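Note that the coordinates shown come from a computational prediction; the quantities given were computed from them, not determined experimentally. Throughout, protein chains are lettered first and strands after them, A, B, ... in sequence-line order, and every chain is numbered starting at 1.
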Amino acid sequence: MEPRYDPHGVEERWQRTWEQEGLYNAEADDPRPPYTICFPPPNVTGELHLGHALNGSIQDALIRWHRMRGFNTLFQPGYDHAGISTQNVIEKQLAEEGKTRHDIGREAFVERTWAWLEATGRTIFEQLRKLGASMDYRRERFTMDEGYIRAVMRFFVHLYERGWIYRDNRIINWCPFHESSLSDLELIHDDVDDTIFYIGYPFAAGGEGVTIATVRPATILADVAVAVHPDDERYRDLVGREVVVPYVERRVPVIADERVEPEFGTGALKVTPGHDPTDFEIGRAHGLPEPAVIGPDGRMNERAGDLAGLTQEEAGERVIAWCRERGLLEKQEPYRHAVARCERCKSRIEPLISLQWWCAMDELKRPALEALRERRVVYHPESQHRFAIESLETAPDWNISRQLWWGHQLPVWYCPDGHVTVVETDPDACGDCGATELTREEDVLDTWFSSALWPLATLGWPDGTPELRTFYPGDVSVTAREIIRLWENRMIFAGLELLGDVPFTDVIITSTILAPDKRRMSKSLGTGIDPREVISQHGADATRYGLLKISSTQDVAFSYGAIEEGRKLANKLWNASRLLLQAGEGDEVALRPRDVEERWILARIDSVRATVEEDLSAFDFSHVAHSLYRLTFDDFCDWYLESIKPRLYAGDADARATGLAALERVLKLLHPLMPHVTEEIWSHLPARATRLIVAPWPEADPAHADAIDSLERVQDAAGIFRRSGVLVKLGDDEKRIFDAVVKPERVAANGNAAAEIERLQKEVDRAEKMLANDRFVQNAAPDVVEAEREKLARYRRELDALSG
RNA sequence: GGGCGCGUAGCUCAGCGGGAGAGCGCCCGCUUCACACGCGGGAGGUCGCUGGUUCGAUCCCAGCCGCGCCCACCA
């Protein structure tokens with residue numbers, strides 16, 4: 001064994017070995033209790049980023065821990081077809097060839113997408129293998145593989161038959177670039193500098209009229225009313241009167257609606273149901289018409305009269321000029337406000353009324369809300385649990401149709417008479433009239449519609465497979481905050497609706513990793529860090545350790561220091577094992593603690609085991625990493641191994657056998673975090689019959705607990721021993737050694753009894769003062785007072801020993 | 001506008017009612033037979049500010065200042 005641990009080669013070797021030996025595999029007929037985690041299916045076109053790496057490290061730590069604890073673990077891999085995102089990639093390729101998707105047609109487009117995926121997609125799981133993620137790679141699924149498509153079709157038909165899927169003309173977010181609707185959750189909001197115009201709408205009967213404020217003057221052409229708040233005293237008398245819309249010179253009513261904000265602008269709102277979501281709601285409530293003057297391409301349409309064909313900006317200018325000429329433009333001001341953009345192409349979103357498919361949420365979300373409130377599913381941290389409930393409560397009906405070509409085409413067919421047939425596979429005839437000339441709905445489903453089925457469909461649903469029976473419901477889902485509403489909540493209601501049970505019991509929301517300088521990681525800022533490089537440079541174990549160490553409930557800065565720490569820990573373990581192995585020949589690994597330091601380290605390991613179990617159960621991975629680092633460096637190496645060196649050098653077989661047994665336990669505790677180095681060391685230990693990855697997790701071992709207290713005080717002086725070049729031999733009477741040997745040595749080594757006495761005197765004074773305080777003695781918890789008394793007694797003893 | 005969170009050593013962060021901590025960095029000393037990716041020693045902090053609760057507050061409460069994130073249809 002070399003004196004330096006080098007992860008290169010070692011990690012790849014174990015990854016191959018584990019997989020080849022089938023140790024990642026999960027079997028449905030395994031009688032052990034199941035433990036299931038589905039890796040959130042990454043975009044099929046994507047590459048591993050730090051979010052994946054952190055997610056993978058967390059999930060794999062949980063999986064490996066449970067595997068060692070005797071669970072039949074399934075870590076499920078797979079990809080998402082990622083509708084818009086993938087279509088984007090292909091459209092960009094086409095654009096480089098000077099073409100659009102319409103030039104090659106739908107069939108060729110879809111074919112091309114598949115061909116491209118075959119050639120270049122699906123690389124993330126190769127990268128996750130290099131992280132050591134112990135997934136059952138045989139079970140890789142895709143949201144558009146044959147079985148999965150059946151699941152999606154079944155889900156749609158199921159919801160349709162429940163009466164929850166409907167088609168309606170409603171206002172949606174239209175992306176002019178993708179020429180598709182988008183859900184609210186697929187938007188981003190950006191501040192832009194705009195101009196707000198104040199425009200007078202004269203009374204139809206003549207006179208001043210009312211002034212409104214708008215940033216989109218082009219939409220004036222589609223105004224159907226002016227609305228004010230019902231309690232707005234200023235406008236009370238106006239309600240019911242008619243005003244004239246500028247430019248088009250159309251008479252429209254003044255109405256009252258609570259959705260109007262009296263404080264904003266002039267408190268009077270021009271109502272444009274065709275081009276604004278709020279106005280749309282107001283319009284529906286008042287039964288107003290919904291004219292549209294802007295088309296799907298974002299330009300003015302034929303209903304815009306002489307402005308048809310213009311961009312909105314051009315049309316707006318013409319409208320403003322018209323108003324200015326007639327003295328209707330009261331003022332204009334610079335105005336900064338947020339606008340919605342497509343999260344993929346950044347195009348400005350056009351609110352348009354469009355015929356779309358919808359999924360009603362009221363019935364679907366009710367059982368999910370119940371499950372969340374009863375905590376059958378719990379989000380971690382707790383603040384996210386509240387957010388998840390709130391999000392679900394307020395979830396509007398779901399726009400599930402997209403006007404894209406890449407995705408699951410809706411299982412909806414129309415006959416020439418306009419009858420609608422909804423079935424899972426191509427029907428022969430119209431369900432209503434028997435007509436055989438059917439055309440299929442062109443729209444595809446929102447990508448998240450299929451993602452919602454991930455925990456079920458990957459296990460074979462809608463078929464009643466053994467996998468589904470064994471591994472559903474699963475256990476944990478690990479994901480990022482922004483995906484709670486898009487994905488997690490939807491998996492919950494889909495699972496409850498289709499199988500009557502939640503898909504998992506815990507959802508871990510991971511922290512966002514920022515660049516080391518706390519800026520957002522982004523390619524354009526050049527602040528991105530590629531986890532694949534980190535892994536190849538520092539090793540998978542160090543990367544895993546580092547990511548888990550910095551993980552928390554808030555946003556965290558990436559830290560190479562934490563990765564370094566992981567590397568150091570691996571090296572330390574490696575050398576600790578060398579010390580023990582080189583100290584003798586035998587292949588004995590056995591607990592034969594003779595001296596208190598041996599009982600002490602066993603007790604420490606057991607105490608850390610308990611802490612680690614608690615922290616893993618609470619998903620506090622940072623704390624786990626911290627505890628194990630301290631255990632390895634401070635307790636195991638700096639103190640315990642140092643103290644048994646004399647015995648090891650003397651060839652004491654018991655000391656070696658016990659040391660190896662203790663080392664084994666430490667390796668086990670660390671394996672979920674740093675699987676490779678621990679397995680590698682394990683393989684060097686004598687007579688290893690089994691792999692560490694499937695070795696049993698340490699049992700509770702309280703046998704040596706009493707050794708902790710007695711030795712820890714002596715440990716306090718350990719530094720002195722080593723510095724003075726003396727290796728202390730600790731007998732049963734540690735206390736005697738401490739008082740008689742350690743103290744004087746410490747003083748001698750420091751050459752500084754006065755300072756030590758001063759320090760102790762300060763402690764004594766402090767403790768005496770507290771204990772003399774009646775209110776402290778009466779009010780503080782009894783064990784706190786007792787601890788203080790013990791401290792005082794100890795300080796006094798030490799003080800006596802020094803000054804006496 | 002709403003929600004969440006954060007301000008502790010030069011940097012990154014842990015601790016969260018009774019002794020101010022870790023990693024990295026810095027200074028001093030060690031080629032001690034596991035490890036210089038190491039060992040020992042050390043410097044460095046009014047624990048954002050102001051009040052309150054308490055015998056006692058970095059820790060609980062309120063306000064303020066600063067920073068970040070998420071959500072949002074104020075035209």
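Taking the nucleotide of RNA chain B with the nearest heavy atom to each of A:R578 and A:S559, the more 5' of the two is matched to A:S559.
Here B:C4 is the nucleotide among B:C4, B:G23, B:C35 with the atom lying nearest to any side-chain atom of A:R386. Among the nucleotides B:A75, B:C55, B:A34, the one closest to any side-chain atom of A:Y335 is B:A75. For A:D638, the side-chain atoms get nearest to B:G40 when compared with the rest of B:G40, B:A75, B:C73. The side chain of A:E281 approaches B:C73 more closely than any other nucleotide in the set B:C4, B:C73, B:A34. Picking from B:C74, B:C69, B:C24 the nucleotide with the shortest atom distance to the side chain of A:E261 gives B:C74. The A:N571 side chain lies nearest to B:C37 when the options are B:U12, B:C4, B:C37. In the set B:C35, B:A34, B:G23, the nucleotide with an atom closest to the side chain of A:A576 is B:A34. Counting only heavy atoms from C-beta on, A:V215 has its side chain closest to B:A75 among B:A75, B:A34, B:C13. Checked against B:C24, B:A34, B:C74, the side chain of A:F264 finds its nearest nucleotide in B:C74. Listed candidates were B:C35, B:G23, B:C74. Nearest to the side chain of A:N575 is B:C35.
Across the strands present, B:U31 finds no partner; the criterion is a Watson-Crick or G-U wobble pair with both atom distances under 3.5 angstrom. Across all strands shown, B:G17 forms no Watson-Crick or G-U wobble pair with both key distances under 3.5 Å. When Watson-Crick and G-U wobble pairs are counted only if both distances are under 3.5 Å, B:G68 pairs with B:C4. Nucleotide B:U12 has B:A22 as its partner under the Watson-Crick or G-U criteria, with both atom distances under 3.5 Å. B:G45 is unpaired under the Watson-Crick or G-U wobble criterion, no partner having all donor-acceptor distances under 3.5 Å. Across all strands shown, nothing is found opposite B:U58 as a Watson-Crick or G-U wobble partner with both distances under 3.5 Å. For B:C74, there is no paired nucleotide, since no Watson-Crick or G-U wobble pair has both relevant distances below 3.5 Å.
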Exercise for review: Decide side-chain hydrogen bond (donor to acceptor under 3.5 Å, both in side chains) for A:N489 and A:Y379; before the verdict, give the C-alpha distance in whole Å, the side-chain angles of both, and the deciding distance to 0.1 Å.
Suggested key: CA-CA 10 Å; A:N489 278 348; A:Y379 280 79; 2.8 Å; yes
ask   = Stepwise, does the side-chain contact (heavy atoms from CB on, under 4.5 Å) test hold for A:H275 with A:L352?
value = CA-CA 5 Å; A:H275 298 299; A:L352 286 185; 3.7 Å; yes
Applying side-chain contact (heavy atoms from CB on, under 4.5 Å), run through A:I513 and A:L547 and close with a yes or a no.
CA-CA 9 Å; A:I513 301 181; A:L547 289 173; 3.7 Å; yes
Report task. Tell me, with the steps shown, if A:R284 and A:E281 meet salt bridge (charged side-chain N to carboxylate O under 4.0 Å, His left out). Result -> CA-CA 5 Å; A:R284 283 271 157 117; A:E281 281 181 31; over 6 Å; no
Might you work through the salt bridge (charged side-chain N to carboxylate O under 4.0 Å, His left out) test for A:E11 and A:R544, ending with a clear yes or no? CA-CA 12 Å; A:E11 297 188 339; A:R544 294 165 60 118; over 6 Å; no
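One donor-acceptor pair, N or O on each side, does fall under 3.5 Å between the base of B:A34 and the side chain of A:E642.
Atom CZ in A:R567 sits about 9 Å away from atom P in B:G38, given to the nearest Å. Per the geometry, OH belonging to A:Y379 stands 19 Å off C1' belonging to B:G5, to the nearest Å. Between A:Y5 atom OH and B:C35 atom P there is a gap of 18 Å when expressed in whole angstrom units. Between the C1' atom of B:C71 and the CD1 atom of A:I509 lies a distance of 15 Å, rounded to the nearest Å. Rounded to whole Å, the distance from OH on A:Y629 to C1' on B:A22 is 9 Å. Rounded to whole Å, atom P of B:A36 lies 12 Å from atom CD of A:E2. Here B:G68 presents its C1' atom at 16 Å from CD1 of A:I513, a figure rounded to the nearest Å. Distance CG (A:D615) to C1' (B:A14): 12 Å, rounded to an integer number of Å.
Looking at heavy-atom distances under 4.0 Å, A:V260 makes contact with a base. Within 4.0 Å of A:R630, counting heavy atoms only, lie sugar-phosphate atoms of the nucleic acid but no base atom. Base contact: A:N773 has a heavy atom under 4.0 Å from a base atom.
Proximity of A:R485 to the phosphate of B:A72: a side-chain N or O atom is located under 4.0 Å from OP1 or OP2. Residue A:R4 has a polar side-chain atom (N or O) positioned under 4.0 Å from OP1 or OP2 of B:C37. The shortest distance between the side-chain N/O atoms of A:Y560 and the OP1/OP2 oxygens of B:C11 is not below 4.0 Å. Close to B:A34, at under 4.0 Å from its OP1 or OP2, lies a side-chain N or O of A:Y649. Contact annotation: A:K572 side-chain N/O to B:C39 OP1/OP2 distance is under 4.0 Å.
Within a 6.0 Å sphere centred on CD of A:Q537, other residues, nucleotides and ligands contribute more than 12 heavy atoms.
A distance of about 34 Å separates the C1' atoms of B:U32 and B:C13, rounded to the whole Å. Here the separation of B:A43 from B:G68, taken at their C1' atoms, is 33 Å to the nearest Å. Of the C1' atoms belonging to B:G2 and B:C73, the separation is 14 Å, rounded to the nearest Å. Here, B:C61 and B:C6 have their P atoms 11 Å apart, quoted to the whole Å. Comparing the P positions of B:G63 and B:G3 gives an interatomic distance of 13 Å, to the nearest angstrom. Separating the C1' atom of B:G41 from that of B:C69 is a span of 43 Å, rounded to the nearest Å. Nucleotides B:U50 and B:G38, compared at atom P, are 41 Å apart to the nearest Å. Using atom C1' as the reference point in both B:C30 and B:C35, the two lie 15 Å apart (nearest Å).
Taking the ring axis of A:W639 as reference, the NZ or CZ atom of A:R604 does not stay both within 45° of it and closer than 6.0 Å to the ring centre.
Contact check on A:K568 versus A:E565 returns no salt bridge, with no Lys/Arg side-chain nitrogen under 4.0 Å from an Asp/Glu carboxylate oxygen.
A side-chain donor from one of A:Q312 and A:R216 sits under 3.5 Å from a side-chain acceptor of the other.
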